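Just the heavy atoms: all of them, side chains too, but no hydrogens, waters or symmetry mates, feed the values below. Because the structure is predicted, anything quoted here is derived from the model rather than measured.
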Amino acid sequence: MCLILVAFNCSPQYRLVIAANRDEYYARPTAGASFWPDCPNILAGRDLEQRGTWLGLTKNGRWGAVTNYRDPRQVNPEARSRGELVSRYLQSGEDAAEYLQRVQPQAEAYNGFNLFLGDRDSLYYYGNRAPGVKELHPGIYGLSNHLLDTPWTKVEKGKRLLRTMLQEDKTLDFAAVFAGLADQEQALDSELPDTGVGLERERLLSSLFIAGAEYGTRSSCIITVDRNNRAVFAERSYGQGDTQITGERLFEFDIIK
């Protein structure tokens, strides 16, 4: 998952809104969002190589999402899968703060990561390239492949999109949010970070939607939980290297109190 936008308790209608793009190599086997047969409380896509997930929601309103921290100079090919950080939280009975206290001593067993973990009433951020666990207050947050709210062009554009969509007291326009997540406009060279992947790669990775030859946006997801604890989870999957929709999934359910 390479772009996560979160509106937490800052809308009259919604407790939580998440809009996210998952970027990955096209060759990596993936299952679209569903309730997992082996863990029917969890609604999420699944990485079929390591069995973890990049973004998921449970029937009782716990959720988690992970992004990679991009630094090719510090990659351990023997590191544990970062997707298990989300799936283990969703399977556990711990609250986010407790879980992250357990994760911290093991954090260096993973390549660079960023985690959002929360439920209906709380939201936490932790990354193993950032200092300590951070409890987040109501607001709009953005996360890509650096630290929380690093002002990369795609992060700032995404946060503006979400803020605009939530300005009016009405039901979120999912089609408009998906259209925003499909934006392929690249940042100006003067706005690009230097994460060690070279100029051409930085350009490719700078748009909200990535359309590379071997790597790109595999899916987009929107999650909402309203003030009546009604959850909606919508996902679109895409073809290789473009925004052609190859699959759509929609789930609606009441959060179990």
### Summary
All heavy atoms of Cys2 vs all of Ser144, minimum pair found to be O-OG, 2.8 Å

### Message
For Asp194, I'd like to know if atom CG has over 12 heavy atoms of other residues, nucleotides or ligands within 6.0 Å.
### Response
no

### Task
Give the cluster check for Tyr25 versus Leu3: same hydrophobic cluster or not, with ILVMFWY residues linked at side-chain heavy-atom distances below 4.5 Å.
no

### Query
Would you say the side chain of His146 lies within less than 4.5 Å of the side chain of Arg129, judging by non-hydrogen atoms?
no

#### Entry: SB check Asp121 Arg15 (cutoff 4.0 Å)
yes

### Query
What heavy-atom pair brings Gly118 and Ala96 nearest, and what distance separates the two atoms?
N-CB, 4.4 Å

### Side-chain touch Phe178/Thr243, heavy atoms, less than 4.5 angstrom
no

### Query
So, does Ser34 use its side chain to make a donor-acceptor pair with the main chain of Trp36 at under 3.5 Å?
no

### Query
Strictly under 6.0 Å, is that where the ring centroids of Phe253 and Phe35 end up?
yes

### Message
Check this for me: does any side-chain nitrogen of one of Arg218 and Asp23 sit under 4.0 Å from a carboxylate oxygen of the other?
### Response
no

### Message
To the nearest 0.5 Å, what is the distance between OG1 on Thr217 and OH on Tyr26?
### Response
7.0 Å

### Message
With a 3.5 Å distance limit and no angle check, can you tell me whether Ser11 reaches the backbone of Leu166 through a side-chain donor-acceptor pair?
### Response
no

### Task
Applying side chain to side chain donor-acceptor pair (under 3.5 Å), run through Glu235 and Ser220 and close with a yes or a no.
CA-CA 6 Å; Glu235 183 186 72; Ser220 298; over 6 Å; no

### Message
Is it true that Arg82 and Asn111 share a donor-acceptor pair across their side chains at a distance under 3.5 Å?
### Response
no

### Query
Is the closest side-chain heavy-atom distance between Leu136 and Tyr124 below 4.5 Å?
no

### Query
Under 4.5 Å between any side-chain heavy atoms of Glu252 and Leu250, yes or no?
yes

### Task
Kindly compute the distance separating OG1 (Thr195) from CG (Asn145), expressed to the nearest 0.5 Å.
8.0 Å

### Query
Should Arg80 and Tyr110 be marked as a side chain to side chain donor-acceptor pair (under 3.5 Å) after you check the CA-CA gap, both sets of side-chain angles, and the distance that decides it?
CA-CA 5 Å; Arg80 292 166 63 173; Tyr110 303 88; 3.3 Å; yes

### Message
Quick test of your reading of the model: are Arg230 and Asp254 salt-bridged, counting only N-O distances below 4.0 Å?
### Response
yes

### Message
Using a 6.0 Å cut-off, check whether atom CD of Glu108 has over 12 heavy atoms from anything other than its own residue.
### Response
yes

### Within-4.5 Å side-chain heavy-atom neighbours: Ile4 and Leu55
no

### Query
Do any N or O atoms from the side chain of Asn68 and from the backbone of Phe113 form a donor-acceptor pair under 3.5 angstrom?
no

### Query
side-chain contact (heavy atoms from CB on, under 4.5 Å) between Leu199 and Leu192: does it pass, once the steps are laid out?
CA-CA 8 Å; Leu199 180 59; Leu192 295 174; 3.6 Å; yes

### Query
Any sub-3.5 Å donor-acceptor pair from Glu98's side-chain atoms to Glu94's backbone N or O?
no

### Query
With no hydrogens and no angle check, is any side-chain donor or acceptor of Tyr126 less than 3.5 Å from a backbone partner on Leu117?
no

### Query
Rounded to the nearest 0.5 Å, how far does CG of Leu162 lie from NZ of Lys157?
15.0 Å

### Query
Measuring from Asn60:CG to Ile256:CD1, what's the distance to the nearest 0.5 Å?
6.5 Å

### Message
Please find the pair of heavy atoms, one from Thr246 and one from Gly239, that lie closest to each other, and give the distance.
### Response
CG2-N, 3.4 Å

### Query
Are Glu84 and Arg51 close enough, and set up right, to give a salt bridge (charged side-chain N to carboxylate O under 4.0 Å, His left out), and what steps lead you there?
CA-CA 7 Å; Glu84 74 178 26; Arg51 309 299 293 176; over 6 Å; no

### Query
Is any side-chain heavy atom of Ile210 closer than 4.5 Å to a side-chain heavy atom of Lys154?
yes

#### Entry: Test side chain to side chain donor-acceptor pair (under 3.5 Å) applied to Arg236 and Asn21, step by step
CA-CA 10 Å; Arg236 286 183 177 177; Asn21 278 345; over 6 Å; no

### Task
Ignoring hydrogens and angles, state whether a donor on the side chain of Arg62 or Ser92 is under 3.5 Å from an acceptor on the partner side chain.
yes

### Message
Any non-hydrogen side-chain atom of Trp63 less than 4.5 Å from a side-chain atom of Val6?
### Response
yes

#### Entry: Same apolar cluster (I L V M F W Y, side chains within < 4.5 Å links), Tyr215/Leu181
no

### Query
Between Thr53 (side chain) and Ala44 (backbone), is there a donor-acceptor pair under 3.5 Å?
no

### Message
Does any part of the side chain of Leu188, heavy atoms only, come nearer than 4.5 Å to the side chain of Glu191, both counted from C-beta?
### Response
yes

### Task
Nearest 0.5 Å please: distance from the CG atom of Leu5 over to the CD1 atom of Ile140.
9.0 Å

### Query
Strictly under 6.0 Å, is that where the ring centroids of Phe209 and Tyr238 end up?
yes

#### Entry: Val133 reachable from Val103 in the ILVMFWY side-chain graph, under 4.5 Å edges
yes

### Message
Let's go through Asn114 and Thr67 carefully: what are the C-alpha distance in whole Å and the side-chain angles of both, what is the deciding distance for side chain to side chain donor-acceptor pair (under 3.5 Å) to 0.1 Å, and is it a yes or a no?
### Response
CA-CA 5 Å; Asn114 296 286; Thr67 71; 3.2 Å; yes

### Query
Going by atom types only, do Ser122 and Glu135 share a side-chain donor-acceptor pair under 3.5 Å?
no

### Message
Assess, by modelled atom type and distance only, whether the side chains of Ser206 and Gln186 contain a donor and an acceptor separated by less than 3.5 Å.
### Response
no

### Task
Search all heavy atoms of Gly64 against all heavy atoms of Leu90 and return the closest pair with its distance.
N-CD2, 3.9 Å

### Task
Consider only side-chain heavy atoms of I, L, V, M, F, W and Y, link residues closer than 4.5 Å, and tell whether Leu208 and Val17 are in one cluster.
yes

### Task
Without swapping roles, check the side chain of Asn128 against the backbone of Ala107 for a donor-acceptor pair under 3.5 Å.
yes

### Polar side chain donor-acceptor pair, Ser219 to Arg22, under 3.5 angstrom
no

### Task
With rounding to the nearest 0.5 Å, note down the distance linking CD1 in Ile18 to OG1 in Thr224.
9.5 Å

### Query
With hydrophobic residues grouped by side-chain heavy-atom distances under 4.5 Å, do Phe8 and Leu147 end up in a single group?
yes

### Minimal non-hydrogen separation, Cys10 against Arg227, with atom names
N-NH2, 4.4 Å

### Query
Got a donor-acceptor contact below 3.5 angstrom from the Thr30 side chain to the Arg28 backbone?
yes

### Message
Suppose we call two aromatic rings close when their centres sit under 6.0 Å apart. Are Tyr89 and Tyr99 close by that rule?
### Response
yes

### Query
Between Asp38 and Pro40, which heavy-atom pair has the shortest distance, and what is it?
C-CD, 3.8 Å

